[in-house]
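Read through the structure below, which is laid out as structure tokens, and then see the notes.
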Protein chains: 4
Amino acid sequence: MEHNGQQVGRPRDSRVDEAITAAVQKLLGEVGYAGLTVAAVAERAGIGRASIYRRYATKHEMIFAAIVHGEVLEVPPDTGSLLGDLTALARVIVGHLSNPAAAGALMSLLGEIAADPALAERFTTTFVAPERAGNAELLERAVRRGEMERLPDIDLFHAMFGGTVLSWLFISHHDPHDLPERLARFACAALRSTAHQPLPSN
Amino acid sequence: MEHNGQQVGRPRDSRVDEAITAAVQKLLGEVGYAGLTVAAVAERAGIGRASIYRRYATKHEMIFAAIVHGEVLEVPPDTGSLLGDLTALARVIVGHLSNPAAAGALMSLLGEIAADPALAERFTTTFVAPERAGNAELLERAVRRGEMERLPDIDLFHAMFGGTVLSWLFISHHDPHDLPERLARFACAALRSTAHQPLPSN
Amino acid sequence: MEHNGQQVGRPRDSRVDEAITAAVQKLLGEVGYAGLTVAAVAERAGIGRASIYRRYATKHEMIFAAIVHGEVLEVPPDTGSLLGDLTALARVIVGHLSNPAAAGALMSLLGEIAADPALAERFTTTFVAPERAGNAELLERAVRRGEMERLPDIDLFHAMFGGTVLSWLFISHHDPHDLPERLARFACAALRSTAHQPLPSN
Amino acid sequence: MEHNGQQVGRPRDSRVDEAITAAVQKLLGEVGYAGLTVAAVAERAGIGRASIYRRYATKHEMIFAAIVHGEVLEVPPDTGSLLGDLTALARVIVGHLSNPAAAGALMSLLGEIAADPALAERFTTTFVAPERAGNAELLERAVRRGEMERLPDIDLFHAMFGGTVLSWLFISHHDPHDLPERLARFACAALRSTAHQPLPSN
DNA sequence: CATTAATCGAGACGGTACGTCTTGTCTTGCA
DNA sequence: TGCAAGACAAGACGTACCGTCTCGATTAATG
């Protein structure tokens, strides 16, 4: 009566996992977070509802998994300057959040997270921490380059950079097309001044 | 076109409106956005469910109205310096968003808004536009004081300032106690440098 | 400080009473007993709901009043023979119950009556007793004519005669066009034999 | 066309069907037709409301099914005489209609039926036709016995016999205790006399 | 003629049932 | 054991009524 790694019985069909994730992403774009139902996901995926609940305890976990699936934000490659790096980073963030599927869903998920500490924990580990680490790496590059004397307040920078994009898109509902440049220029100037770096002669 | 030249029929009881708003706010703090039901609101308010649906077409509209009710963020009084003003503004925002009632509810509402253009419109008019105007006023004070040469990119500043608080609280889940000072200092430095104002000697 | 028969204040508008009765009868034919609503009656009658409740305590009383309004079954005039009188009586009953308005409504009303003793009392007084008396009068004519030796069991006859029509129309859903003749012939034969009248030689 | 070659999915629980029927019958006796609610039935039956709506499209269909469930009136066994058979038949009918549960409910159901042709169809098939057939069988026995020369007008007899009981109980509200004997004697005499007369037209 | 009291249309109010929908669990038969 | 299908208990949603209540505006009889 031990149930270790040695699987017993029929193994899970990995195509089912993929079908669920794909169906959730497609449906989020079509009906939104609140309009998404487990029955619709199962039908779209061509599977039974039981196969979903065998994998995820609740609907929210299923959506969470589908949203964060492979969505780890990559640190953009070194462009040679802080301004270039920040612009690239902003483009990555804007690109992800402009995806109509995950768009509003992320906000709803944040609401859910606010009421569910377990989900919050997983969200932090999976999403927030790696992103913060990526931001830190990018800033360290600037220090190494000599563009900043020392590292700024990374927590604040992280909240500021992502939060600005979030607010721009989902609160102000502005057009994101030139946001990366504007945000990067602003952040770059801020970082240089807060890091007590004398302004360059430009 | 016979809107209401003179009232006909029994007029609405304003105490019912107040009871609904109060009940929603209290229940949001107790059970959260997802756990809130119309029946619970009616019971808590001591009214019938019909009286709610007479005022709001859906549960979401009711919650929206209760959240934004009288929540217009006041522009803090002039403290004599940009840094002081920004600190005060951050404190107001943090104060509102730390309210456990509206806390997660606001995020869920933002998710709802992303899927409902009508709600988005009302949210912008009621909430976003006044707040942006408040930010602008505060920055104009700084220009008049001579702390900045000219107004910065107000849309970007607005998204940055509020977005940072949002992200700090609901994505990073950091402690907000010293956020106002840190954010204000950061923003102040950024504004001064982006506005091409030479740094003072201090 | 006495408030006797002397009316004071605005008197009731008799056109309102008529409009209510007419609207109920018309609507019963259109939407049936269960589909009838007080609001629909008021709208059709061009009056306010309060004016209905000022006259009738409940919806059922209103319908009751509209159904029994002036529906007292008249005893048909003497045709000279029991068979003729019974045929005429059956025609009157069939005529009343074939009215599509009151048709199903009467059955629903009987269901209501079974659960409401007060309504039952009024129904008996207004409807059942006069009808039984009419039946008795008709049978007495036959005795006076010498067609029967003595009066039969009037309660049974009354239940039989009306009940047969009721069942024919609302349980069997048969065509009523030749029912009066068939029923009258049957009843006539039954009455003659139960009244110990020797069968005619034919 | 894939109706049910072989069953797929979880089969329905027959205990749920029984629980619904039992709960409806009990509640009809307690609160009557109009006072019966689907929620109360579900609670009494210890099941969910969805399980009721999975079986019946509306409340009325549920009540209909519960009332007619196994209520097929059995033809009483041969007593050796027409009078005896009719007395037994009358007792069966009175017995069924005196059941306080189905009592007023049947009348309300008849009202419902008058406004719903689909329900009427099912009522005729399930209830009326078998009962008429039973009446016919009983009368044929009398013909075979030689008590009647030939069969009377069966439609009329059927409407008369059941209709009389209906009217006696629900319109006149008389005591049913000696109704079977009185009705049987009356009907017996009527049948003997009408069956000895040549039927006029047919 | 002004007062008074009940009426009228309109519609808000508390309460409650309806029928639909969704969630997360359970139970079939087949693979 | 996994899987598709679908029944199950629970309960929220938004609609529709009921019978009561409040409005402002009539409308007679009374003072």
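To find a chain, count down the sequence lines: A is the first, B the second, and so on, and within it residues start at 1.
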(request) Evaluate the side-chain proximity of C/T21 to C/E18: yes if any heavy-atom separation is below 4.5 Å, no if none is. (result) no
(message) Could you tell me how far apart B/I20 (CD1) and E/dG14 (C1') are, to the nearest whole angstrom?
(response) 12 Å
(message) Starting the side chain at C-beta, find the nucleotide from F/dA7, F/dC18, F/dT15 nearest to A/R49.
(response) F/dA7
(message) Both B/A57 and D/G46 contact DNA chain F. Taking the nearest nucleotide for each, which residue is further toward the 5' end?
(response) D/G46
(request) Could you tell me whether D/R55 and D/D17 have a side-chain N and a carboxylate O separated by less than 4.0 Å? (result) yes
(request) Starting at atom NZ of A/K59, determine the distance to atom P of E/dC21, rounded to an integer number of angstrom. (result) 15 Å
(request) Name the nucleic acid region contacted by B/A50, choosing base, sugar-phosphate or nothing; use a 4.0 angstrom heavy-atom cut-off, strictly under. (result) base
(message) Looking only at the side chain of D/R12 (C-beta and beyond, no hydrogens), which of the listed nucleotides F/dC21, F/dA7, E/dG9 gets closest?
(response) F/dA7
(message) Return whichever of C/A39 or B/H60 has its heavy-atom-nearest nucleotide of DNA chain F closer to the 5' end.
(response) B/H60
(message) In whole Å, I'd like the distance from the CG atom of C/L27 to the C1' atom of F/dC17.
(response) 15 Å
(message) Using a 4.0 Å heavy-atom cut-off, does B/I52 contact any base of the nucleic acid, only the sugar-phosphate backbone, or nothing at all?
(response) nothing
(request) Would you indicate whether C/E30, at its atom CD, is surrounded by more than 12 heavy atoms from other residues, nucleotides or ligands within a distance under 6.0 Å? (result) yes
(request) Quickly work out the D/Y53 OH to E/dC21 P distance and round it to whole Å. (result) 13 Å
(request) Can you see which heavy atom on D/G111 is nearest to which on C/S108, and at what distance? (result) CA-OG, 3.3 Å
(request) Kindly say if D/S51 contacts the phosphate of F/dA9, meaning a side-chain N or O under 4.0 Å from OP1 or OP2. (result) yes
(message) Tell me the interatomic distance from B/L36, atom CG, to F/dG14, atom P, rounded to whole angstroms.
(response) 12 Å
(request) Quick one: sort the A/Y33 and A/H60 rings into parallel, tilted or perpendicular, breaks at 30° and 60°. (result) parallel
(message) Quick check on DNA chain E: between D/P11 and B/G9, whose nearest nucleotide comes earlier from the 5' end?
(response) B/G9
(message) Of the options E/dG19, E/dT23, F/dC17, whose atoms approach the side-chain atoms of C/T37 most closely?
(response) F/dC17
(request) Can you figure out which of E/dG14, E/dC8, E/dC13 approaches the side chain of B/R10 most closely? (result) E/dC13
(request) Among E/dC13, E/dG19, F/dC3, find the nucleotide with the atom closest to the side chain of B/V16. (result) E/dC13
(request) Give the rounded distance in Å between these two atoms: CD1 of B/I63 and P of F/dA12. (result) 14 Å
(message) Please classify the nucleic acid contact of D/R55 as base, sugar-phosphate, or nothing, using heavy-atom distances under 4.0 Å.
(response) sugar-phosphate
(message) Is the shortest side-chain heavy-atom distance between C/F170 and C/L106 below 4.5 Å?
(response) no
(message) If you assign B/A45 and D/T58 each to the DNA chain E nucleotide with the nearest heavy atom, which residue ends up on the more 5' nucleotide?
(response) B/A45
(request) Calculate the interatomic distance between B/M62 atom CE and F/dA12 atom C1'; express it in whole Å. (result) 12 Å
(message) Rounded to whole Å, how long is the line connecting atom CD of B/E43 with atom C1' of E/dC13?
(response) 17 Å
(message) By nearest atom, which of the nucleotides E/dG24, E/dA6, F/dC8 is closest to the D/R54 side chain?
(response) F/dC8
